[in-house]
Amino acid sequence: MTNVPTPAPAKPVRTRFAPSPTGYLHLGGARTALYSWAFARHFGGTFVLRIEDTDLERSTPEAVQAIIEGMEWLGLSHDEGPFYQMKRMDRYREVVAQMLEAGTVYHCYSSPEEVQAMRDRATAAGEKPRYDGTWRPEPGKVLPAIPEGRKPVVRFKNPLDGEVTWNDFVKGPITIGNKELDDLVIARPDGTPTYNFCVAIDDLDMQISHVLRGDDHVNNTPRQINILRAIGAELPEYGHLPMILGSDGAKMSKRKDAVNVMQYPAEGYLPEAILNYLARLGWSHGDDEVFSMEQVCQWFDGSHLSNSAAQFNIEKLNWLNNHYIKQADNERLAALAQPRMQANGAVFDGAPALAVVLGLLKERTNTVNELADAAMLFYREPQPDAALLTQHVTDAVKPALADFAERCKTVEWNKAALAAMIKEVLAAHGLKMPQIAMPLRLFITGQLQTPAIDAVLEIFGRDTVVARLAKFL
């Protein structure tokens with residue numbers, strides 16, 4: 001783990017989250033967004049949302065909306081944006097023209113087939129496949145004749161020797177030789193700019209001070225650094241986060257793992273649990289496991305970031321979600337649970353207040369969906385299994401149940417009084433708690449597994465309990 005110094009006040013902190021809208025917001029992207037957001041908040045800086053939508057074949061408005069919805073659900077509010085690269089084409093073309101004039105980029109007329117042949121020759125010679133610089137202008141070099149009717153790409157004149165080194169504030173110093181990089185295409189034949197060029201110009205124009213992103217971008221960083229240096233721009237600081245592995249230790253996949261952030265609200269997770277879990281998945285603050293986003297913003301200064309891959313653990317997430325469910329306001333939980341319960345046939349008219357029911361049940365559930373399913377016993381007519389009734393409603397127990405039903409008409413209706421009354425009935429008839437609790441559970445809820453029977457009776461209310469006892473007795 002490495003440390004990053006507190007930035008000098010002369011350079012305001014500006015971070016960005018820059019997803020490509022080719023799908024949903026995935027867990028790795030959400031973690032990157034969280035860290036970038038928290039870093040900006042820690043230093044009183046600015047968090048920018050940028051949509052990198054130049055991949056016209058794969059980018060969709062639906063994916064843009066999915067990303068924004070995911071950010072909103074998590075509460076990662078941006079200060080500026082969203083900025084769309086497709087709306088910045090004039091700016092990119094302006095910079096390309098300036099670089100052509102300065103000689104830091106050049107027109108290349110090699111066809112895709114010719115470039116592939118260059119790569120194949122290099123591979124056959126045991127070298128790294130690359131463009132061979134046919135159209136790269138050099139002093140004294142005679143360029144080929146321009147093929148008739150062929151539109152050129154624009155290539156960046158990458159330095160031929162030397163190295164690109166940066167002090168990555170996650171991974172430490174990284175050095176990549178310029179010989180490893182060929183002359184990158186920065187604009188296609190139709191004039192549309194390419195990814196690395198757009199990113200470099202965006203980071204310049206948006207005055208991004210710190211770039212936090214996944215380590216699949218490490219190979220892009222020297223290309224972007226060289227472009228920024230070629231136009232005399234100040235470089236941001238870079239930090240590359242290791243990937244998140246699935247529970248099996250392999251790369252997370254849609255088939256095995258819930259990688260879409262918006263699957264989690266559908267499955268009954270709270271955003272604060274997801275945020276807390278993601279924050280800890282690659283960063284630490286001592287031994288703390290549970291913390292608020294206010295604390296994350298207070299502590300997250302770019303240090304204590306792990307440089308090794310983190311492994312997703314659903315049991316740990318469930319433990320956290322259970323913690324936050326127990327802390328959550330019952331009315332909030334009711335608003336989340338009610339649609340699922342209605343879809344499952346719950347009847348709320350004349351039934352106990354849902355918030356009260358959830359308050360009784362939430363201690364033992366890991367998700368809102370589990371909580372909603374557990375609460376259904378209060379919102380449907382009991383239909384106990386006949387075999388269970390035969391097993392538990394024996395001749396020895398029936399007189400006690402009748403006695404209990406009669407006392408229900410006059411007992412003070414609260415948990416303590418009901419518990420005391422049950423003990424009196426047990427003592428009067430020489431029975432043990434399960435002998436009366438099991439039949440009562442079947443009569444009132446239709447199932448054997450419920451919270452404490454006195455709490456269940458209190459919530460159902462006298463009228464419902466008396467009516468259901470009368471039905472079965």
Side-chain angles (χ1 to χ4, degrees), residues 265-270 318 321-322 324-389 391-393 401 404-422 425 433-473:
E267 292 177 6
Y269 290 86
L270 300 179
N318 285 340
N321 205 53
N322 168 259
Y324 283 107
I325 283 175
K326 289 189 288 190
Q327 303 294 318
D329 177 76
N330 293 336
E331 293 289 351
R332 175 192 174 197
L333 294 175
L336 295 171
Q338 188 163 347
R340 178 181 176 89
M341 295 175 66
Q342 285 172 325
N344 289 334
V347 177
F348 293 96
D349 288 344
L354 182 55
V356 175
V357 170
L358 299 185
L360 172 66
L361 299 173
K362 68 182 184 179
E363 290 287 323
R364 293 186 286 182
T365 55
N366 288 333
T367 69
V368 175
N369 288 3
E370 287 181 14
L371 185 57
D373 293 345
M376 285 296 293
L377 67 90
F378 288 89
Y379 300 95
R380 61 187 173 204
E381 282 296 315
Q383 295 178 323
D385 181 79
L388 290 176
L389 286 173
Q391 178 185 346
H392 292 284
V393 186
L401 291 171
F404 176 84
E406 192 60 32
R407 293 175 187 240
C408 276
K409 297 174 183 175
T410 56
V411 68
E412 187 177 348
W413 206 264
N414 60 61
K415 184 178 173 183
L418 287 164
M421 186 261 277
I422 291 171
V425 171
M433 177 61 83
Q435 289 176 282
I436 194 168
M438 292 303 188
L440 288 177
R441 286 190 169 102
L442 289 171
F443 293 162
I444 305 305
T445 73
Q447 52 192 73
L448 288 176
Q449 298 294 324
T450 75
I453 188 62
D454 49 3
V456 170
L457 294 169
E458 179 185 40
I459 288 177
F460 267 108
R462 187 193 312 271
D463 292 347
T464 298
V465 170
V466 169
R468 291 186 180 181
L469 288 173
K471 175 181 175 181
F472 288 103
L473 291 175

When rounded to the nearest 0.5 angstrom, what is the spacing between CG in Leu469 and NZ in Lys409?
-> 10.0 Å
Inter- and intrachain pairs under salt bridge (charged side-chain N to carboxylate O under 4.0 Å, His left out), touching residues 334-359, at least two apart | Arg340-Asp373
In terms of side-chain geometry, is the basic nitrogen of Arg468 or Glu381 positioned less than 4.0 Å from the acidic oxygen of its partner?
-> yes
Check Pro451 against Val456 and note the closest heavy-atom contact, atom names and distance.
-> O-CG2, 3.7 Å
Tyr379 and Leu354: which non-hydrogen atoms are nearest, and at how many Å?
-> OH-CA, 3.1 Å
Scan Val393, Leu473, Leu388 and name whichever one has a side chain to side chain contact (heavy atoms under 4.5 Å, CB included) with Pro439.
-> Val393
Under 3.5 Å: donor-acceptor pair, side chain of Asn321, backbone of Asn366 | yes
Any side-chain heavy atom of Ile325 sitting closer than 4.5 Å to one from Leu358?
-> no
Please list, chain by chain and in numerical order, all residues satisfying ring pair (Phe, Tyr, Trp, His ring centres under 6.0 Å) with Tyr269, sequence neighbours excluded.
-> Tyr264
Taking the side chain as every heavy atom from C-beta outward, state whether Lys471 and Phe443 have any atom pair closer than 4.5 Å.
-> no
Smallest heavy-atom separation, Gly446 atom then Pro382 atom, equals N-CB, 3.5 Å
Lys362 side chain to Lys326 backbone, donor-acceptor under 3.5 Å = yes
What heavy-atom pair brings Leu448 and Arg441 nearest, and what distance separates the two atoms?
-> O-CD, 2.9 Å
Rounded to the nearest 0.5 Å, how far apart are CZ of Phe472 and CG of Leu401?
-> 12.0 Å
Which distance, rounded to the nearest 0.5 Å, do you find between the CD1 of Ile422 and the SG of Cys408?
-> 8.0 Å
Answer whether the closest heavy-atom distance between the side chains of Leu333 and Val368 falls below 4.5 Å.
-> yes
Which heavy atom of Ala266 sits nearest a heavy atom of Asn369, and at what distance?
-> O-ND2, 3.0 Å
With sequence neighbours left out, the residues meeting ring pair (Phe, Tyr, Trp, His ring centres under 6.0 Å) with Phe460 are Phe378
When rounded to the nearest 0.5 angstrom, what is the spacing between CD1 in Ile453 and CG in Leu457?
-> 4.5 Å
Got a second to check how far Asn318's CG is from Glu267's CD, nearest 0.5 Å?
-> 9.5 Å
Of the non-hydrogen atoms in Val347 and Ala351, which two are nearest, and what is the gap between them?
-> O-CB, 3.7 Å
For Asp454 and Met421, run side chain to side chain contact (heavy atoms under 4.5 Å, CB included): C-alpha distance rounded to whole Å, both residues' side-chain angles, the deciding distance at 0.1 Å, then the answer.
-> CA-CA 10 Å; Asp454 49 3; Met421 186 261 277; over 6 Å; no
How far apart are the C-alpha atoms of Leu336 and Leu270, what are their side-chain angles, what is the distance that settles it, and do they pass the side chain to side chain contact (heavy atoms under 4.5 Å, CB included) test?
-> CA-CA 10 Å; Leu336 295 171; Leu270 300 179; 3.7 Å; yes
Say whether, by atom type as modelled, one donor and one acceptor occur between the side chain of Asn322 and the main chain of Glu363 under 3.5 angstrom.
-> yes
CE on Met341 to CG on Leu371, rounded to 0.5 Å | 8.5 Å
